[in-house]
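Below, chains carry the letters A, B, ... as their sequence lines are ordered, and counting in each starts from 1.
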Amino acid sequence: MKTFWQHYGLRGIILFCAVLVGMPLVMMIGSVVATSPQDDEVWAHILAHALGDYMVTTLALAAGVGSLSAVMGVACAWLVSMYRFWGSSFFKVALLLPMAMPAYIVAFVYTDMLDHGGRVATWLNDSTGADAGAEVWFDVRTLPMAILVMALTLYPYVFALVRASLVEQSFCVWQAGRTLGCGAWRNFWLVGLPLLRPALVVAVVIVIMETLNDFGVVSAFSLPTLTSGIYHAWLNMNSLSVAVRLALLLLVLVLLILLVERWARGNRRYHAPSGSHRQMVAEHLKGARAVVSFCFCASLVVFGFVLPFVVLLWLAAHNQHQAFAEGFVGYGLNSLALSGSAAMGAVALGFMLAWAARPPSGWLFRSLMRLASIGYAIPGAVLAIALLLWLSAVDKAQNAGLSWLGWQGAHFLWVGSWAALVYGYVVRFLALPYGAVDSALSRVTPSMEHAARTLGASAWNVMRRIHLPMMRPSLMTAGLLVFVDSMKELPLTLLLRPFDSDTLSTWVWHYARDEAFAVSAPGALLIVCVGLLPVVWLSSMISGSTAKKSGWLTNKQTALRDTNAYAPA
Amino acid sequence: MPPLKMSDSPNTKGLTVRHISHSYGGEAKRPVLDAISFHVADGAIACLLGPSGCGKSTLLRMIAGLAMPQQGQVMIDGRKVTDAGQKHFIAPEDRHVGMMFQDYALFPHLNVYDNIAFGIDERMDKTWMHQAIRRLGLHAHVGAFPHTLSGGQQQRVALLRALARSPRVLLLDEPFSGLDADNRIRVREETIELLRERSMAVLMVTHDPEEAMFMADSILVMKQGQIIQSGSPTETWLGPANAFVTELFGPVNRFCAKVCEGVVDTPLGRFAAPPSINEGTEVDLLVRPDGIGIAESTQEDFAGVHGTVVAARLLGRVSHIKVDIGNDQLLHVRIAGVILPKIGTKVAVLVERCSAFIFPCQDKQACVSDRAETYQEGAASSKAMPFSLRKERNSPL
């Protein structure tokens, strides 16, 4: 019954995707072997003077951001889900808002404001009329500040996943804990935290991945991490080989974290027993407790979103003319076109991949599938280096082939092209549409497919009339996520963008690095505003997750899986 | 057992299945279907009756063209649609079959009307469909989405969807299993009415014998991939082919005994053994609980089997009475009406001969095992007393 297409075409798609993702990594590992004496010299230098710093700072940053955002996220998720206090329902949405803020933009805002000679210091000096401000002023470009800034923008991952997991648990579990003699506090430690552990582990790993991926924040705070080391080696020392070695180190670190995650999560998955599922009845908080809860949640929202957003608005309003003069519109269009193509490409490829994987095939193809969706776990800088190696090899092979065919003049290059950048985005974000499509496909039961066949639809028509319409919401959502993530993406873009061209994110980064962040503030504002779209949608989905468990509306639940797609498989 | 309505003429209208065999697994092959053959005439309703896992649904999927058998042929109106031998296979969409799934498989993204009209071409005549929608009371819901409908309404939508294309063969996979008891009776009547007015062969899969009796013109009883009996509901009820078929229609009182001089001597009395059973064979006597009557009596005026009532319960239209007939044996009796003798009442037991069946004991183990503990373990008699049973099966009647 299986046609030729089903046998080979679908597997071909899987193989194609795996090559697309896997080859750059293979090239990277292969290229370590081939080095020049010059590279070895640079490497020896870095080994002696910088690598220790890189490792310590990277690990400290990851540990700090991971634990701080875990504390922030779990605390506020617990507060708004279990209790009612003034503003608690507002916070259910508002606490997600910092997700829209790329960490590097928040970092630029705070460094711009709080640095020596920054806006606040200047204002203090002006208002006191003396240098008093400058004397008591603290150094903002430190590791703890970087940890704080990153945790403020990354805790929403923890908040979202933990809260979704809290909402899914039956309220009776908490009530049972209370009747068995646990006070609110003991209940949290003995019942709540163990139940939330799987969600928490996933969320913290996502946060740490984002931290390792980051380049904007560490460059704003001038911290020596592995990521900044990669840039330093490639852009300043011109040694791709050294960049590759650092990238490999970072990759090993990522793999270690993934292993730890697997170990920590084990096979744990807690399902609320089916049947009676009682909605959470929040307890009313009064007095000092309510005030403390309110202040805690409010401070996260204010420092993570409101304050930077207002500053951005203010800066953008004051610098719009300069921004437009500096080519804001052009960069915006670049970003739009790139992110749009990446979204379409990733959704198309993710759809084909999930479709191809539907009849579960052997272990080889299963592991190839894994490989194809691993991009999200690879830090942008590592991926960029890998792609550089791979694409230059492709360029060489292609031009050799063309000249063999007698086409001397036509040398077109993949390295440094817009296409390469789109390729990078697609590889990095393929896991999002793949996960979304995969879960959407699972809602099309085999009997629906069979019913359609007996009703006269051919295999192709079944896909057109059943699968596609049923998956449309998930596809749109995944596309939106890829679009927004590509728009925000900095480290990959910086390394892969065509020479002398910019996107919004790299433009913002350039000006921020040159201490002229204000000029590019409209660009940063635009990135934040686009980033708000999926956040609004995400918030509506979490609170609706138990309300509409059945039927067509379950695709809201896919959103949860989509957030899980952030987690490596 | 050869099927009753097997037809060899290739031009016969309706559904013909020939020698379909299929097995799963590589080396240690487990047959799922074993040389299945039958014919369902145009306009007839046939029921595949059997316990779950006997291969009914697999067979249905093969007829629909959703799976390919390893051996055998399927013909619809004389046209070969599957021939495993010649690798001939017509895609499900080109077979003119309609199939209704156990979970209904309604498309969640389409409303009721679009679901029903899914298989219909723009050019096709929709008059019947519109009438049927109205008749089944779905016209108020045509714009609604499946998940907002009740179970009965979903069932109707699924049925209409399968019927709307005027299929030549309609396959129903446990069509009523998702409904509660009240709904089931009503929907069944509607369904049979609807099926009768469309000319096509209907094959329905069920594990509910009452449903099969209600719906079918002929019943095909399946066990472990084989059709072990086929015939009209009356034939099947009155002449079950073996103990399995008898028990499929409901729990029975079972007694083990040996044929001795053409007679089976059981605690329920002496029964003439069928001529096909040899002398000395161990046999099962199966008696349906509704084939037993009781009458209050004293020891003297009745020569047959006597017993003592140990429990009596009213189940609505019937009364369920447990009678101790001595030797530690309980007899389950069902009698229409309110008949509730006092516990301890002495009764005479009368067995309706047409409700008692004698088959060679297939499960020797069960026959010689010491004691029946559960329903599944079957009847038991002690080795020392092969003719007189200590306890009839402990059935949860």
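Counting heavy atoms from C-beta outward, B:Leu66 and A:Arg453 have side chains that approach closer than 4.5 Å. Proximity of B:Gln102 to A:Ser447: side-chain heavy atoms (C-beta onward) are nowhere separated by under 4.5 Å.
Residue B:Arg135 qualifies as enclosed at atom CZ: its count of foreign heavy atoms under 6.0 Å is above 12. Heavy-atom contacts from other residues, nucleotides or ligands closer than 6.0 Å to CE of B:Met124 number more than 12.
To the nearest 0.5 angstrom, B:Phe107 atom CZ is 10.0 Å from A:Glu449 atom CD. A distance of 10.5 Å separates CG in B:Leu60 from OG1 in A:Thr454, rounded to the nearest 0.5 Å.
Between the side chain of B:His109 and the backbone N or O of A:Arg465 there is at least one donor-acceptor pair closer than 3.5 Å.
Only the backbone of B:Ala162 comes within contact range of chain A, with heavy atoms under 4.5 Å apart. Proximity to chain A is limited to the backbone of B:Leu106, based on heavy atoms less than 4.5 angstrom apart. When heavy atoms are compared at a cutoff of 4.5 Å, B:Phe118 approaches chain A by way of both its backbone and its side chain. With a threshold of 4.5 angstrom between heavy atoms, A:Thr445 approaches chain B through side-chain atoms but not through N, CA, C or O.
The shortest non-hydrogen separation linking A:Met470 to B:Pro108 is CE-CG, 3.2 Å. Between A:Ala451 and B:Arg161 the shortest heavy-atom distance is CB-NH2, 3.3 Å.
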Does the side-chain contact (heavy atoms from CB on, under 4.5 Å) test come out yes or no for A:Leu455 and B:Arg165, once each step is laid out?
CA-CA 7 Å; A:Leu455 289 168; B:Arg165 250 163 68 89; 4.3 Å; yes
What do the steps show when you test A:His450 against B:Arg61 for side-chain contact (heavy atoms from CB on, under 4.5 Å), and what is the final call?
CA-CA 9 Å; A:His450 290 162; B:Arg61 286 156 42 80; 2.8 Å; yes
